[in-house]
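Note that these values count all heavy atoms, side chains included, but never hydrogens, waters or copies made by symmetry. Ligands are counted one by one from 1 in listed order, and the atoms in each one are counted from 1 as well.
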Amino acid sequence: MPYPEKIDALGITNYDNWKTPSRFQYVPQEFRDYDVDIEIEACAICGSDVHVVKSNWGRPYVPVAVGHEIIGRVVKVGPESKKKFQVGDRVGVGAQCDCDNTCSACIDGFQNNCIAQVGTYFGKNPKTGFNTIGGNASHIRVNSEFVFKIPDSLETKYAAPMLCGGITGFAPLLNNNVGKGMKVGVVGIGGIGHMTVLFAKALGAEVTAISRSRAKEQDAKKLGADHYCVSSDESSLKQSNRTLDLIVNTTSSLSESDISTIMSLLKPRGKLCVISAPPISETLKLKVFPLLMMGYSIEFSAIGSPSQIQFMLDFAAKHQIKPWIETYDINEKSLGDAWQKVDNGDVKFRAVMVGYDKYFGREARM
Ligand SMILES: [Zn+2]
Ligand SMILES: [Zn+2]
C-alpha cells in the first residue's frame, strides 16, 4: 500500500546490521490541520544519523530511517498551512518536526529549545506516542511550522546540508551578532565546521580555522578562512593567543585539555559556543580559575529556531553559499556505504543522498 496510507522508507530494522539498511513501510501519524505532506527528493547525512544507526544513542525502537536534512515538494497542505504553503512548493525540513508552542522557549521564538521538542527521527509525539522515522523515505508528514521555503536560486543539493548542519553552525553566529569587525574561530573543519566558515565569512567576520593538524589548511583557505591555527602546535597557538571574540566548537568530543587550549585563543570576555552532539555519556570537566579571571563564557546551542532557519536559507541564496558535498543515488548499498564514509570522516564535507523519485518508484506513477 503506497502513500498516503503508508510511507516507504529505507533505514534500520535491526541495529546489528546497520551497514546494510533495509526497506520498510510505516503508517504516518494522523494528518493535522497545520501539517503538510512532502514528497522527498534529497536528504543529506548528518553526524547524528550515524550516531543513531550505530546505537551510540541507545536502541529505543526500530524501524527508523534517520535523515533530517530533507528537501522535497509539498503534496498536501492542511487548512491552517495554506497561507504559508501550496502544493508544489520546494521546501526543507531539519532536525526538529514539532514543539508545544506553550513553554517559555517557544513563546520567546526559540522553539529549538522547547521542553517538548520532537525530533524528525528518534522523536516521540507526546500526545499520540508516534515514533518519528526520518527523511530517508518517499514522504514525510510534518507540522508546517518546521517546514521552510527553499529560495529558487538555492539548489537542492546545497540546501539540504544546511537544514541541520548549516543552521547548527549559523545560529551561534546570529545569537552573538557576528558581523564586520568580529573575529571568529571555528574548531573542526568538517561537515558542520566548513559551513560555519562559509557563513561567518559571508557575515563579514575575520575567521580563524582551528584544527588538530595542518591536514585541512588548504581546504580552510579555499573556504575563505583568514587564518589557520593548529591546536597541537605551541607556536601556532601563540600566534592566535587572545585574538578571538567567539569560538564555535564543531568537533563532537571535548576533553578538559582541549577546552583550556581552545579558550586560550579568546580575548578577555570572549565566548566559546559548543554545538555538536557527543556520545550521550560524555561529561565536561573545566579548570575554573583561568576562565574566571578572563571573564569567559561557555554557551551551548542546538540547531536553530524556525525564523533563523528561514533567514539562513534566504541569506545562503543571496550570498550564493555552496557547501562542499558529495552526492549519491540512494539505494540499500549506497546509503550504508555513505554512513560508513561519514563515520570514517571520509566525506568532503557532506554526503547528500539524491534520486529518491527513482528509488521509491514514484517516477513510474508520475
Ligand atoms: Zn543533524
Ligand atoms: Zn515549547
To 10°, measure the NE2(H68)-the Zn ion (ligand 1)-SG(C164) angle for me.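 Between NE2 of H68 and SG of C164, the angle at the Zn ion (ligand 1) is about 110°.
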Angle at the Zn ion (ligand 2) (to 10°), with one arm to OD1 of D100 and the other to SG of C106: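 Taking the Zn ion (ligand 2) as the apex, the two atoms subtend 100°.
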Count the heavy atoms belonging to other residues, nucleotides or ligands that lie under 6.0 Å from CD of E332, then report whether that count exceeds 12.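 Result for CD/E332: enclosed.
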Compare all side-chain heavy atoms of L265 with those of I247 and state whether any distance is below 4.5 angstrom.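 Answer yes - side chains close enough.
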Looking at the Zn ion (ligand 2), is there an N, O or S atom belonging to C103 that lies under 2.8 Å away from it?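 Yes - counting backbone and side chain alike, C103 has an N, O or S atom under 2.8 Å.
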Has K76 got its NZ or CZ under 6.0 Å from the middle of the six-membered ring of F31, at an angle within 45 degrees of the ring axis?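 Here K76 passes the 6.0 Å and 45° test against F31.
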Using residues 146-172 as the side-chain source, report each donor-acceptor pair under 3.5 Å to any protein atom, sequence neighbours left out, with the distance given to one decimal.
| residue | atom | partner | partner atom | Å |
| --- | --- | --- | --- | --- |
| K149 | NZ | K84 | O | 2.8 |
| T156 | OG1 | R90 | NH1 | 2.9 |
| T168 | OG1 | C164 | O | 2.6 |

